[in-house]
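Okay, structure first, notes after.
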Amino acid sequence: MTDSLPKFTFIIPVRNESARIDRCLASIRAQDYPYEKIEIIVPDQGSTDDTREKARSYGAVVTENPAQRAIFSMPAAYRLASGDLICSLAADNVIRPSFARRMAEPFADPSVRFAFAHVTDDRPDYALTTRYFNRFTDPFNQFMYGAACNSRDFHKVYKPLRTTSDFTLYRFPPDRPPLLAIAQGAVVRGPFTMPDDYEDDVGCVFDMIASGAVMACVDEPLVDHYTTTGLFDLLRKFQPRIAKNFKPASSLRWRDRYVPPDRRRRRSLWPFYAISIVPPTVVALWRAVRDREPLWLYHPVIGFAFAWITAVEACKNLGDALDLLFNRH
């Protein structure tokens with residue numbers, strides 16, 4: 001029975017993750033899955049703490065990533081992976097003990113190439129910002145993609161191919177793909193190749209969607225994602241990302257080859273929506289009542305925080321910001 005189970009490779013890009021890597025790796029080794037069927041690869045971006053030593057203590061293969069960006073370590077890691085199924089995690093991810101077993105189930109269908117599970121949003125040790133992000137994602141992508149940016153809501157905008165008691169199969173339309181990334185426990189069928197020039201981990205999923213791939217949503221929260229420790233940590237974490245998005249060579253602009261014009265127009269409108277306060281408040285109240293989710297009430301706060309960072313960085317990069325705003329790239 002064990003011999004028939006697919007082998008898993010877990011890939012975890014890191015840099016100075018000593019404080020978080022134990023929890024992530026321990027959750028992999030705690031799987032109710034055969035030990036010999038799990039391989040761990042940790043691409044390291046020049047850590048100066050004991051991240052590498054900790055990774056090796058869990059039996060991980062540590063590789064070098066001199067490019068200093070996690071995404072640029074992934075093509076080599078995928079080439080090295082020997083698993084039938086390959087899972088990408090971040091150091092702030094913790095997977096449930098049933099993760100490997102549950103994520104392997106949809107791949108019994110040979111047409112399935114990619115699978116993802118829900119991220120938890122109700123842990124008592126989560127900050128409020130983490131609960132919001134894990135349920136609704138960030139306000140920018142939420143405004144741009146709507147229900148197509150959160151796996152819990154895909155059924156509202158996409159018709160399933162097949163629904164079982166454990167997972168749902170989709171073939172997403174290439175002209176209106178959902179926002180999915182090879183991250184937070186997403187699993188791809190191996191062997192898998194990622195081109196070396198990819199700027200982010202969304203493009204590969206868009207390419208799979210364009211090829212007609214069948215994708216599985218495992219209908220259970222199996223991944224804990226400790227996104228932030230609070231609002232100020234959120235601002236600190238996302239400020240450099242937002243600053244980079246204004247640059248002509250940013251991953252956001254690179255991704256536009258896959259994004260339909262109406263979504264790009266919504267992107268241009270988002271700063272005005274978020275900074276206005278009143279519309280986000282109305283939306284938050286309406287959705288909190290409609291969806292019976294009080295967490296929506298945090299929407300104006302998160303949105304305004306993002307809008308503030310965006311405004312500051314736009315002033316620093318005014319020419320690039322106008323170029324992005326009017327879609328002249």
| Any donor-acceptor N/O pair, D121 side chain to N134 backbone, under 3.5 Å | no

| task | Starting from the C-alpha separation in whole Å, work towards a yes-or-no answer on side chain to side chain contact (heavy atoms under 4.5 Å, CB included) for L222 and M103. | result | CA-CA 9 Å; L222 295 173; M103 295 303 290; 4.0 Å; yes

| message | Quick check: is L161 connected to V112 through a chain of hydrophobic side chains (ILVMFWY, heavy atoms under 4.5 Å apart)? | response | yes

| Exercise: identify the closest heavy-atom pair between P271 and T310 | CG-CG2, 4.5 Å

| Contact summary for Q184 and V223, nearest pair of heavy atoms | O-CG2, 3.7 Å

| query | Do Q45 and S73 come close enough that some side-chain heavy atom pair is under 4.5 Å? | reply | no

| message | Assess the residue pair R123 and Y226 against the criterion (side-chain hydrogen bond (donor to acceptor under 3.5 Å, both in side chains)); give the C-alpha distance rounded to whole Å, side-chain angles, the decisive distance to 0.1 Å, and a yes or no. | response | CA-CA 10 Å; R123 287 189 57 88; Y226 290 86; 2.8 Å; yes

| message | Holding to side chain to side chain contact (heavy atoms under 4.5 Å, CB included), I want the full list of residues that pass it with D219, two or more places apart in sequence or in another chain. | response | H118, T168, C217

| request: Start with the C-alpha distance between D256 and R267, add both sets of side-chain angles, then the distance that settles salt bridge (charged side-chain N to carboxylate O under 4.0 Å, His left out), and finish with yes or no. | output: CA-CA 11 Å; D256 273 356; R267 177 180 68 198; 2.8 Å; yes

| message | I need the minimum non-hydrogen distance between S88 and M74, along with the two atoms involved. | response | OG-CE, 3.3 Å

| request: Say whether, by atom type as modelled, one donor and one acceptor occur between the side chain of D44 and the main chain of V62 under 3.5 angstrom. | output: no

| field | Under the ring-ring contact (aromatic ring centres under 6.0 Å, His included) test, residues paired with F206 that sit two or more places apart | value | Y258

| Taking only residues at least two apart or on different chains, which pairs with a member in residues 170-191 satisfy ring pair (Phe, Tyr, Trp, His ring centres under 6.0 Å)? | F154-F172, Y158-F172, Y170-F172

| request: Check ring-ring contact (aromatic ring centres under 6.0 Å, His included) between Y132 and all other residues, then give those that pass, not counting sequence neighbours. | output: F136

| task | Would you please classify the geometry between the W270 ring and the F306 ring as parallel, tilted or perpendicular, with 30° and 60° separating the classes? | result | perpendicular

| Same hydrophobic cluster for Y126 and V301, using side-chain heavy-atom links shorter than 4.5 Å among ILVMFWY? | no

| said: Show, in sequence, the C-alpha distance, side-chain angles and deciding distance for R135 and D153, and conclude whether the side chain to side chain contact (heavy atoms under 4.5 Å, CB included) test is met. | reply: CA-CA 10 Å; R135 175 60 185 92; D153 299 325; 3.4 Å; yes

| query | Going by heavy atoms in the side chains, are Y58 and I28 under 4.5 Å from each other? | reply | no

| said: Do I275 and I242 sit in one hydrophobic cluster, given that two such residues count as connected whenever their side-chain heavy atoms are within less than 4.5 Å of each other, even indirectly? | reply: no

| message | Measuring only between side-chain heavy atoms, which start at C-beta, is M215 closer than 4.5 Å to P178? | response | no

| task | Return yes if some donor-acceptor pair links the side-chain N/O of D50 with the main-chain N/O of E53 below 3.5 Å, else return no. | result | no

| Residue that, paired with F238, satisfies ring-ring contact (aromatic ring centres under 6.0 Å, His included) out of F140, F133, F232, W308 | F133

| message | For C87 versus V187, what's the shortest heavy-atom pair and its separation? | response | CB-CG2, 3.9 Å

| request: Ignoring hydrogens and angles, tell me if any N or O in the side chain of D201 forms a donor-acceptor pair with the backbone of A181 under 3.5 Å. | output: no

| Atom CZ of R292: over 12 foreign heavy atoms under 6.0 Å | no

| request: Measure the spacing between OG1 of T229 and CG of D125 and express it to the nearest 0.5 Å. | output: 12.0 Å

| said: Under a plain distance cut-off of 3.5 Å, with no hydrogens placed, do T137 and Y145 share a side-chain donor-acceptor pair? | reply: no

| query | Do other residues, nucleotides or ligands put more than 12 heavy atoms under 6.0 Å from K159 NZ? | reply | no

| Ignoring hydrogens and geometry, is there a side-chain-to-backbone donor-acceptor pair from R52 to S47 under 3.5 Å? | no

| said: For residues 165-177, which residue pairs pass the salt bridge (Lys or Arg N to Asp or Glu O under 4.0 Å) check, not counting sequence neighbours? | reply: R102-D166, R176-D262

| field | Steps toward side chain to side chain contact (heavy atoms under 4.5 Å, CB included) verdict (L25, I12) | value | CA-CA 9 Å; L25 292 174; I12 311 156; 3.5 Å; yes

| query | Taking P106 as the fixed residue, which of V214, V218, T164 is the one that meets the side-chain contact (heavy atoms from CB on, under 4.5 Å) rule? | reply | V218

| request: Start with the C-alpha distance between L89 and I95, add both sets of side-chain angles, then the distance that settles side chain to side chain contact (heavy atoms under 4.5 Å, CB included), and finish with yes or no. | output: CA-CA 9 Å; L89 290 171; I95 55 176; 3.8 Å; yes

| said: Please list all pairs meeting salt bridge (Lys or Arg N to Asp or Glu O under 4.0 Å) that have one or both residues in residues 268-279, counting only residues at least two apart or in different chains. | reply: none

| Between the side chain of D233 and the main-chain N/O of G230, is any donor-acceptor distance below 3.5 Å? | no

| Quick one: does K54's side chain have a donor or acceptor within less than 3.5 Å of a partner on D22's backbone? | no

Under 3.5 Å donor-acceptor pairs involving side-chain atoms of residues 277-289, not counting sequence neighbours:
unit_1: T281; atom_1: OG1; unit_2: I277; atom_2: O; d: 2.8

| Just checking, any donor-acceptor pair under 3.5 angstrom between side chains of T51 and E17? | no

| task | Among residues two or more places apart or on two chains, list those pairs meeting salt bridge (Lys or Arg N to Asp or Glu O under 4.0 Å) that have a residue in residues 74-98. | result | R20-D92, R79-D196, D92-K237, R96-D224

| request: State the CG-CG distance between L179 and N150, to the nearest 0.5 angstrom. | output: 10.0 Å

| query | If you group Ile, Leu, Val, Met, Phe, Trp and Tyr by side-chain heavy-atom gaps below 4.5 Å, do F304 and L235 land in one group? | reply | no

| Quick one: ring pair (Phe, Tyr, Trp, His ring centres under 6.0 Å) pairs with a partner in residues 78-109, sequence neighbours left out? | Y78-F192

| note | salt bridge (Lys or Arg N to Asp or Glu O under 4.0 Å) pairs touching residues 179-191, sequence neighbours excluded, are none

| In the single-linkage hydrophobic clustering (I, L, V, M, F, W, Y; side-chain heavy atoms under 4.5 Å), do I209 and I86 co-cluster? | yes

| note | Separation between CG (N16) and CD1 (I21), nearest 0.5 Å, reads 11.5 Å

| Under 3.5 Å, side chain of D138 to main-chain N/O of N141, donor-acceptor pair present? | yes

| field | Minimum-distance pair of heavy atoms, taken over all atoms of R263 and M144 | value | O-CG, 3.4 Å

| request: Measure across T129 and I302 and return the closest heavy-atom pair with its distance rounded to 0.1 Å. | output: CG2-CD1, 3.9 Å

| request: Please list, chain by chain and in numerical order, all residues satisfying ring-ring contact (aromatic ring centres under 6.0 Å, His included) with F167, sequence neighbours excluded. | output: none

| Does the distance from a Lys or Arg side-chain N to an Asp or Glu carboxylate O, for E313 and R241, drop under 4.0 Å? | no

| note | Residue pairs passing the side chain to side chain donor-acceptor pair (under 3.5 Å) test with at least one member in residues 24-34, sequence neighbours excluded, are D32-R101

| How are the rings of F8 and F10 set relative to one another: parallel (under 30°), tilted (30 to 60°) or perpendicular (over 60°)? | parallel

